[in-house]
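First the proteins, then the strands, lettered A, B, ... as listed; each starts at 1.
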There are 2 protein chains.
Amino acid sequence: MAVRDRRTPVTRGGRGGRPTLEQVAARAGVGRGTVSRVINGSDQVSEQARTAVERAVAELGYVPNRAARALAAGSADAVALVIPEPETRLFSEPYFSDIVRGVSAELAETDKQLLLTLIRSPRERERLAAYLSADRVDGVLLVSVHEGDPLPEMLAAMGLPAVLNGRRAAGEAVPYVDSDNTGGARAAVEHLIGRGRGAIATITGPADMYVASCRLEGYRQALKAADRAEDPGLVAVGDFTEEGGRRAMQELLERRPALDAVFAASDVMAAGALQVLRAAGRTVPDEVAVVGFEDSPVARHTDPPLTSVRQPTEEMGRAMVRVLLDGIAAKDATRERHVVLPTELVVRASG
Amino acid sequence: MAVRDRRTPVTRGGRGGRPTLEQVAARAGVGRGTVSRVINGSDQVSEQARTAVERAVAELGYVPNRAARALAAGSADAVALVIPEPETRLFSEPYFSDIVRGVSAELAETDKQLLLTLIRSPRERERLAAYLSADRVDGVLLVSVHEGDPLPEMLAAMGLPAVLNGRRAAGEAVPYVDSDNTGGARAAVEHLIGRGRGAIATITGPADMYVASCRLEGYRQALKAADRAEDPGLVAVGDFTEEGGRRAMQELLERRPALDAVFAASDVMAAGALQVLRAAGRTVPDEVAVVGFEDSPVARHTDPPLTSVRQPTEEMGRAMVRVLLDGIAAKDATRERHVVLPTELVVRASG
DNA sequence: ATCACTTCTGGGAGCGCTCCCACTCTACTC
DNA sequence: GAGTAGAGTGGGAGCGCTCCCAGAAGTGAT
């Protein structure tokens, strides 16, 4: 007689007695191994056994227990989406929502789960690594990591695959998915040139942000391609906020009153610029054309609606997952996994 | 000789050999049970043992293996945030972002993980229940569930605690956290009345949505409280989209050209109304005052900026988690868990 | 019929925890 | 000094899987 009856033989904690793999095996008249093989799509199973198991699974409504599987297999079947959330409420931006949608969509085709982690304090940041290390996730998607953030390197050291959205700097080593910021900016400015604008100003993001420098680079490329000299007086630095956009526009107006176009490195800054232009009595787009970047909802609600550069945000989310899964599968080789997706200019009334 | 050397004694799959509870026990010179007790904060541990274990944990950098814990304890230490995502890209709305932030913030204090699940097809919807049932989560947060959706009842039948954000209908039985839609609408309309507006129109949401009827009810209450008769001609039905707002405004203008105020049940519809008013040559707020609902970013970027009713969205997220954890803890009693949070009127230039 | 493969298959062992029983101490009480 | 509670503790059993090793069955060549 076995010594086992202090606990009810039925499942203890969880929701009602879900069937186990063992029960499926019994019902199908096969061994556990065979059921496991069928569940995991091994081809080392006879058709007969397969059908028997599949029927049993259906009849019992069997769903594998994730924890048990993770424990036995040593993998988590989950990836984490980590979003550092500094003072600004970055996550509120539709940009992130779109990324999440893409991620979720692509992940739905796997049976991996999506674990959402917002980091809102340095303390949480520290605990994160420990959390992630405890065999809880197979990989990490990092959104909006800033230059100098040690997280990617920490993950790499732990051997945890990771993917960034956006490069932290030129020559980013960690796998990433980015949009073609330079090309997008260039297209925007070329559009302005094509419309006959002569004095095209730009409001950039902070100089130490790589996106910002890419977009500025695009602006320069377009000017150069059109054989125009670049006038430093037409470049003002913003900080990706509306207020920053206002200040920068003010500055530009003072320095170069004759400007007839502005390319802002973000829609929000463009919105700020629009306000200043109006206050200064300049009509948009007649006297000054304005183009933004991102094609956020804001762009549709400014007056006039903003011409802007659209990023394939959702697709970026999807691509991130593909790159990550790739990295998880190839566990060893740190093969170059860099994806840059094209942007698209959306022309509206502002320029 | 034991029969165990076909597999390396070291951990197999996962990232490098993380220490196990057993190793911590050995190092601290205690049994597994004691370590477990310390980790889980039991008070049945002597100070001496506790310190020894704590030191060992620190020295080894021990982090409990989640899968093992879940398997042994029969609980998942995770909750799912389920977001049905119909045609409209609901998730992009800042509203959801804010909910997520609240949820995440509140959850960070527990050691539960947040699992994000977007449902974008009926097929995914069907698979969801099976997924959730496999002991994968301890509870479910449901965002934006529509009337007639069987999900909450399915979860209840499975014994899985769930919390809704927003009621599906009056007398909602499932635990929920909602904002005071009626009160918010009432405050908005009272504000309009207080500013001396005489013919106050309203653009409502779809009649079959409970939120919509609540906001309409608030409109009515305010009129009644001011002893004003309600004019059906001043009520137009929208659908929470910008286009719907435009149509409704058009309709109102045709029916009641003399109206001098509009309360729209959402900012987006208010934005649409604003466009129509401008096209019709009406100045806002001089000739017509406009108030929206939600205080979304759109409200800050319309021209003029929109007076709107702010919901404590992030706090709603937090409250949802609290209610859910409560439900998980009290596994049996389906005690009334209904929370309604107050709103706040944010006055801007539009009315 | 025999041997060597190849394909399938059952089931033991073990993943790292939590639970809980049995047991050892201490500190009181009478 | 025996008797009775606790308070603390160790460790066996088991959670539901995956892995992998032996074998059983089937196939073809000799």
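- The closest donor-acceptor contact from the side chain of B/Asn165 to the backbone of B/Ser144 lies under 3.5 Å.
- A straight line from CD1 of B/Ile39 to P of C/dC19 spans 13 Å, rounded to a whole angstrom.
- Side chain of B/Asn65, nearest nucleotide from C/dC19, D/dC19, C/dG16: C/dG16.
- Put simply, CG on B/Asp77 is 12 Å from C1' on C/dC17, counting in whole angstrom units.
- If you take CD of B/Gln48 and C1' of D/dT9, they are 12 Å apart, rounded to a whole angstrom.
- In the model, A/Arg101 has no side-chain atom that pairs as donor or acceptor with a side-chain atom of A/Thr313 under 3.5 Å.
- For the pair A/Gln23 CD and D/dG16 P, the interatomic distance rounds to 8 Å; values are reported in whole Å.
- To the nearest angstrom, C1' of C/dC15 lies 16 Å from CZ of B/Arg18.
- The stretch residues 38-48 of chain A participates, sequence neighbours left out, in these salt bridge (Lys or Arg N to Asp or Glu O under 4.0 Å) pairs: A/Glu47-A/Arg50.
- Contacts of B/Asp43 with the nucleic acid, taken as non-hydrogen atoms under 4.0 Å apart, involve only primed sugar atoms and P, OP1 or OP2.
- Within the 4.0 angstrom heavy-atom criterion, no nucleotide atom of any strand lies near A/Ala25.
- Counting heavy atoms of neighbouring residues, nucleotides and ligands inside a 6.0 Å radius, atom CD of A/Gln48 does not exceed 12 of them.
- For the helix from C/dA1-D/dT30 to C/dC30-D/dG1, the angle separating the two terminal helix axes comes to 50°, with each axis derived from five pairs and the value rounded to 10°.
- Between B/Leu164 and B/Met320 the shortest heavy-atom distance is C-CE, 3.8 Å.
- Contact between the side-chain N/O atoms of B/Thr20 and the OP1/OP2 oxygens of C/dC15 is not found at any separation under 4.0 Å.
- Nucleotides of DNA chain D nearest to B/Ala68 and A/Asn40 differ in position, and the one nearer the 5' end is that of B/Ala68.
- One N or O on the side chain of A/Asp149 and one on the backbone of A/Leu151 form a donor-acceptor pair closer than 3.5 Å.
- With respect to B/Arg322 and B/Glu315, a salt bridge is recorded, a charged nitrogen being found less than 4.0 Å from a carboxylate O.
- Remark: A/Glu106 does not engage B/Arg120 in a salt bridge, criterion side-chain N to carboxylate O under 4.0 Å.
- Atoms CZ (B/Arg69) and P (C/dC15) sit 19 Å apart, rounded to a whole Å.
- Distance, B/Leu21 CG to D/dA13 P: 18 Å, rounded to whole Å.
- In summary, B/Arg318 and B/Glu109 engage in a salt bridge, as defined by a charged side-chain N under 4.0 Å from a carboxylate O.
- Contact annotation: A/Gln44 side-chain N/O to C/dC8 OP1/OP2 distance is under 4.0 Å.
- Nearest nucleotide to the B/Leu71 side chain, out of D/dG8, C/dC17, D/dG16: D/dG16.
- Of the residues in residues 31-38 of chain B, those placing a heavy atom less than 4.0 Å from an atom of DNA chain D are B/Gly31, B/Arg32, B/Gly33, B/Thr34, B/Arg37, in numerical order.
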